[in-house]
Amino acid sequence: MYMTIIVTGGAGFIGSNFVFYMLKKYSNYRIVCMDKLTYAGNLSTLESIMDNKNFRFVKADICDRSAVYKLFEEEKPDIVVNFAAESHVDRSIDNPQIFLQTNIIGTATLMDACRKHGIKRYHQVSTDEVYGDLPLERPDLFFTEKTPLHTSSPYSSSKAGADLLVLSYYRTYGLPVTVSRCSNNYGPYHFPEKLIPLTIVNALNDKPLPVYGKGLNVRDWLYVEDHCKAIDLIIHKGKVGEIYNIGGHNEMRNIDIVKIICKELNKPESLITYVTDRKGHDMRYAIDPTKIHSELGWFPETKFEQGIKKTIKWYLDNHQWWENIISGEYKSYYEKKFNIK
Ligand code: NAD
Ligand code: DAU
């Protein structure tokens, strides 16, 4: 069956991986990427598909009602998958306002367009951070879809606000929505302000590797392609009005991740630099993926040992991509924040 899918935030990390995945898997789908190209959006990422007849890129802000309505009028999408967001916790601590604007108002604007034009599915890409954190001394506890929302940062609060709004559009207007809450992703095209790509890029440049606090915080890492596969399943087979947690039981401490990267790149651990902890820093995230596994048959395919090797190789093979980024706006942000050159 022919489908048109609007993918917002498709010039960012997960959105671009999703666009590539969908174009490869469905030769009869039209994929329309709508992205504002903030500091985190990178059009060079999409260069290889710009001429693909099944692909269209539109630079627009999801908060811009007239631009959003115009695109819906032109494309008459069957499905909308919303990746567009301000995504970095540290930036939300420095400046919450833009997070509320994009993550909440932008989501509402997209859903209003969906109501106006009719849609088969609106999918909201959310995060495990909406559940807050778990204590390190209780490894038996996991986030399920029923875990109460208990956010820590302006970022996670804005994502939780958006989730509630999405579910309210289902109950109030009958909009056919689904929500997914995924754990930490890693893989190609990950912006080098986040732990894994920042560590790879800094290690390659023999620069300090900043570790917040004692490095004992735990994240549940998932290879980005496994996240894309889960979303593909949810938009085609998931039940409307439902939330699906996505995660692969791969909990790791930050310090261990940084040490693995040093080892893989043959760089000394003396590059590790302990820096001031993040305010309100969540201790541990851990997803229980039972629902998506039993209802939709999803399971993660890439083991961390393979995924991290593939990711490091990608950064080694794609110097130009990240060098262009670190020579730009990101660099001054990074220097200002940590006073590390
Ligand atoms: P990212 O920061 O790499 O990309 C975000 C993209 O959205 C960029 O291309 C940016 O230009 C675009 N964008 C930002 N504001 C916009 C606006 N107002 N209008 C249109 N486009 C806009 O983010 P990511 O890591 O790829 O995350 C994508 C989504 O997945 C986010 O919603 C995030 O909350 C969620 N998520 C991320 C992770 C993770 O580990 N990275 C895990 C779970 C969920
Ligand atoms: O859990 C899903 C979330 O994962 C997504 O919703 C967010 O969009 C995404 O950014 C990510 O959030 P985190 O805060 O977990 O990711 P980040 O890479 O910023 O940090 C991972 C851990 O590493 C966290 O405990 C903070 C720590 N850290 C981070 C950076 C950038 C460091 O110790 N040093 C660093 O330089």
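All ligand and atom numbering here is 1-based and tracks the order in the structure. Only a predicted model underlies this, so the values are computations on that prediction, with no experimental measurement involved. The first residue of the sequence shown is numbered 1, and numbering continues consecutively from there.
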Are any of the N/O atoms in [X] less than 3.5 Å from those in ligand 2?
X	result
Asp90	no
Arg278	yes
Asn254	yes
Cys182	no
Asn184	yes
Asp282	no
Asn217	no
Leu198	no

Closest to [atom] (judged by heavy-atom distance), picking from [options]:
atom	options	value
atom 44 (C) of ligand 1	Cys182, Ala84, Ser126, Ala162	Ser126
atom 2 (O) of ligand 1	Ala11, Ser87, Gly247, Ser180	Ser87
atom 37 (C) of ligand 1	Val130, Thr127, Ile14, Thr8	Ile14
atom 3 (O) of ligand 1	Phe13, Phe83, Tyr39	Phe13

Is the gap between the ring centers of [X] and [Y] under 6.0 Å?
X	Y	value
Tyr189	Trp314	yes
Phe191	Tyr39	yes
His236	Tyr26	yes

Would [X] count as a contact of ligand 1 if the rule is a heavy atom under 4.0 Å away?
X	answer
Ala60	yes
Tyr155	yes
Ser16	no

Ligand 2 versus Lys194, non-hydrogen atoms closer than 4.0 Å: side chain, backbone, both, neither? both

I need the contact type for Leu195 against ligand 2. Using non-hydrogen atoms and a strict under-4.0 Å cut-off, is it side chain, backbone, both or neither? both

May I ask you to check whether [X] has an N/O atom sitting below 3.5 Å from an N/O atom of ligand 1?
X	result
Asn82	no
Thr38	yes
Lys36	yes

Geometric cation-pi criterion, Lys194 with Phe13: 6.0 Å, 45°: no

May I ask you to check if Arg219 and Tyr186 form a cation-pi contact, with NZ or CZ under 6.0 angstrom from the six-membered ring centre and within 45° of the axis? no

Nonpolar side-chain network containing Ile105, other nodes, edges under 4.5 Å: none

Suppose we measure from atom 9 (O) of ligand 1 to each protein heavy atom; which comes out shortest, and what is that distance? Asp35 OD2, 2.6 Å

Just to check, does Glu193 reach to within less than 4.0 Å of ligand 2 when the distance is taken from its heavy atoms? yes

Is there a side-chain contact between Ile312 and Lys309, using heavy atoms and a 4.5 Å cut-off? no

Ligand-residue contact atoms, ligand 2 with Thr127, heavy atoms, under 4.0 Å: 1 (O), 2 (C), 3 (C), 5 (C), 6 (O)

Which atom pair, heavy atoms only, marks the closest approach of Cys63 to Thr102? SG-CA, 3.8 Å

Determine whether the side chain, the backbone, both or neither of Lys159 has a heavy atom under 4.0 Å from any heavy atom of ligand 1. side chain

